[in-house]
Amino acid sequence: MNPSERNPEFENLLTYLRQVRGFDFTGYKRSTLMRRVRKRMQSLSIEKFEGYLDYLEVDPEEFNQLFNTILINVTTFFRDMPAWEYLAEKVLPNIVGRKNNSEQIRIWSAGCASGEEAYTLAMLMTEILGTEEFRQRVKIYATDIDEEALNQARQAIYSAKDVQVIPSALKEKYFENTGNNYVFRQDLRRSVIFGRHDLLQDAPISRLDLLVCRNTLMYFNSETQARIIARFNFALNDTGHLFLGKAEMLLIHNNSFTPVDLKNRIFSKLSLPNLRDHLLVMGNTVPEEPSQRLSQHTRLREMAFDAASMAQIVVDINGILVLMNAQARSLFGLSPKDLTRPFQDLELSYRPLELRSLIEQASLERHTINRTNVERYLSNTETQYLDIRIVPLEDVDKSLLGVSIIFQDVTRFSQLQEALQRSRQDLETTNEELQSTNEELETTNEELQSTNEELETMNEELQSSNEELETMNEELQSTNEELQTINKELSDRTSELNRTNVFLVGILKSLQTGILVIDKNFSVLVWNSMLEDFWGLRTDEVLGKSLFSLDIGLPLEQLRSPIRDSLSGKQQFQEMILNATNRRGRKINCYLAITPLFDRSIEGSVLMMNDVEAVKSMISSHEIAERREQQQ
């Protein structure tokens with residue numbers, strides 16, 4: 001998504017999450033991220049992101065619910081079984097074969113969620129090496145950003161449904177059945193190390209032989225994916241392998257990895273060809289254990305900005321103060337509370353210089369604006385001189401992100417200029433300082449040129465990524481058409497079934513005989529309108545109830561034995577006449593016929609009932625009518 005199209009309220013929410021809880025979601029795909037956040041907001045009946053931010057400030061417990069909604073933990077043992085079979089038969093034996101008998105094998109499961117894939121790796125490596133050698137030589141690092149999922153993974157307890165995909169031999173060998181749950185073997189569990197790790201902010205684990213990161217990269221935008229892939233390249237040994245999920249491709253990152261088996265998403269490492277890919281790793285000091293939650297590099301950048309010798313602030317395109325270093329806070333009396341405030345509300349926006357108009361000019365003209373020797377009157381009647389530099393900050397697509405304002409205290413320099421007029425020696429000293437400053441500016445210019453070349457390279461990669469997304473969109477459209485066809489077929493079948501049901505109901509209503517259908521448990525399945533007229537009970541009053549629990553004028557206990565004979569198949573057809581009392585209290589002779597209900601096997605019984613006198617009367621009426629027709 002183009003930064004200019006981003007929702008300002010949503011971006012403020014992401015900034016708040018990063019500052020308050022340390023979760024940086026700015027590298028995630030905006031469409032996916034917004035959809036997950038809106039889902040959580042709908043459960044709370046909150047419509048606007050601004051209102052949800054207020055809710056988070058009032059209820060800190062809501063953070064856990066939000067993160068559980070955003071961080072979708074979907075994983076299983078042996079997910080995509082053919083890919084795991086290829087890994088077990090081709091890749092893992094090669095890794096073991098290249099090692100000496102005493103060399104350690106290091107594996108990283110990044111985005112491990114609840115730990116199923118990490119324990120899958122443990123089972124496969126144990127099958128190759130044996131239990132004792134596995135415990136001595138193999139280290140499996142399993143990391144995720146979700147603490148709740150990691151806690152579940154550390155327990156290594158799974159339900160019967162979770163482990164049903166594991167082959168029976170492996171399940172019996174590596175899991176202990178404890179009632180309704182299965183627990184992974186504790187002696188092997190010690191070789192699997194779980195810890196929290198942020199793929200965007202924390203340094204990667206180093207010297208790896210295999211890195212498994214399945215269906216995790218798809219949640220990040222293409223630029224963030226490139227950074228993570230470069231980190232993965234750095235983390236692996238020269239002969240290391242990368243194992244991705246079915247939903248992920250590496251075609252746009254062919255400068256870092258080459259396919260070993262593209263179908264199963266297994267890649268081998270290529271040496272990083274340029275400085276840019278190394279910089280994406282952000283450092284070459286890598287911790288041994290992910291549980292240490294290292295974020296030195298992010299902190300290092302913050303400290304470097306904070307410790308800069310010149311005061312500096314950053315204002316975004318919405319006019320909000322988003323960054324300020326220690327010099328700026330000290331020089332202008334700012335505090336952390338001023339962050340996220342509109343810049344125009346601060347005294348600094350108009351004193352000692354009207355900066356609002358200059359910010360607007362720099363944003364429109366897209367070039368740096370300098371103001372030198374700006375006088376600032378201090379409270380103790382002293383005068384301070386500042387050089388102010390307003391620099392527009394552009395993204396790789398040339399869209400404006402905001403402006404950086406740098407305040408350089410040149411009071412001492414001004415004083416030196418006055419002294420230079422009085423002293424030749426002071427003039428020479430000042431000239432040396434100016435030459436040194438010029439050299440620094442030249443060095444800075446060279447660095448800026450190098451950065452510009454890197455940005456051009458990144459733009460080409462973004463274009464390639466866009467082409468891949470267009471191809472994926474076409475595939476999704478094709479899939480959608482197939483789903484629409486299937487939906488239409490289901491709709492046609494439903495309509496046909498409804499017509500059949502209506503037809504059957506019509507037949508039951510038109511019959512001049514009471515029809516009763518029961519299942520093997522004597523529960524009523526069908527009760528037609530003639531029975532309602534006979535016994536005074538509506539259909540909705542008897543459906544699902546036991547026949548022998550009904551309060552009607554028919555001696556039901558006399559039917560228990562014949563019905564059991566019908567259900568058991570002893571009698572295919574039975575008929576009888578019972579004395580009964582209809583709903584009007586009139587004594588009747590009730591004719592009953594009992595037959596089994598078949599559907600491959602006997603599923604119940606069908607009982608037909610009628611008043612003998614009513615049937616005789618109806619037959620007589622038919623005979624009289626036939627005679628009249630014959631006479632005519």
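Side-chain atoms are counted along with the backbone in the values below, which use heavy atoms only and exclude waters and symmetry mates. Keep in mind it's a predicted model, so treat the numbers as computed, not measured.
Judged as a side chain to side chain contact (heavy atoms under 4.5 Å, CB included), and not counting sequence neighbours, the contacts of V91 are Y86, L87, I95, H241, I266. In terms of the ring-ring contact (aromatic ring centres under 6.0 Å, His included) criterion, residue partners of Y158 (sequence neighbours excluded) are, by chain and number, F77. With sequence neighbours left out, the side chain to side chain donor-acceptor pair (under 3.5 Å) criterion links E85 to no other residue. The side chain to side chain contact (heavy atoms under 4.5 Å, CB included) search around D59 returns Y55, E61, E62, not counting sequence neighbours.
With a 6.0 Å radius and a threshold of 12 heavy atoms from other residues, nucleotides or ligands, N101 has its CG atom at or below the threshold. For K39, the NZ atom counts as loosely surrounded, since its 6.0 Å shell holds 12 or fewer non-hydrogen atoms of other residues, nucleotides or ligands. Atom CZ of R366 sits in a crowded spot, with more than 12 heavy atoms from other residues, nucleotides or ligands closer than 6.0 Å. By the 6.0 Å contact criterion, CD on E50 is open, its count of non-hydrogen atoms from other residues, nucleotides or ligands being 12 or less.
Side-chain atoms of D80 never come within 3.5 Å of backbone atoms of A83 as a donor-acceptor pair (strictly under, hydrogens ignored). The closest donor-acceptor contact from the side chain of R40 to the backbone of S43 lies at 3.5 Å or more, if one exists at all.
Salt bridge status for K99 with D209: present, with a side-chain N to carboxylate O gap under 4.0 Å. Classification of E9 and K48 as a salt-bridged pair fails, no side-chain N sitting under 4.0 Å from a carboxylate O. The existence of a salt bridge linking R98 and E103 is excluded, since no basic side-chain nitrogen approaches an acidic carboxylate oxygen closer than 4.0 Å.
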Practice task
May I have the step-by-step check of side chain to side chain donor-acceptor pair (under 3.5 Å) for S159 and D162, ending in yes or no?
Solution key: CA-CA 5 Å; S159 66; D162 294 332; 3.0 Å; yes
Donor-acceptor pairs under 3.5 Å, side chain of residues 478-490 to any protein atom, not counting sequence neighbours: which ones?
unit_1, atom_1, unit_2, atom_2, d
T479, OG1, E475, O, 3.0
T485, OG1, E481, O, 3.1
K488, NZ, D492, OD2, 3.4

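A cation-pi contact, defined as under 6.0 Å to the ring centre and within 45° of the axis, links R214 to F243.
For residues 118-137, the set of pairs meeting the ring pair (Phe, Tyr, Trp, His ring centres under 6.0 Å) definition, not counting sequence neighbours, comprises Y119-F184, Y119-F194.
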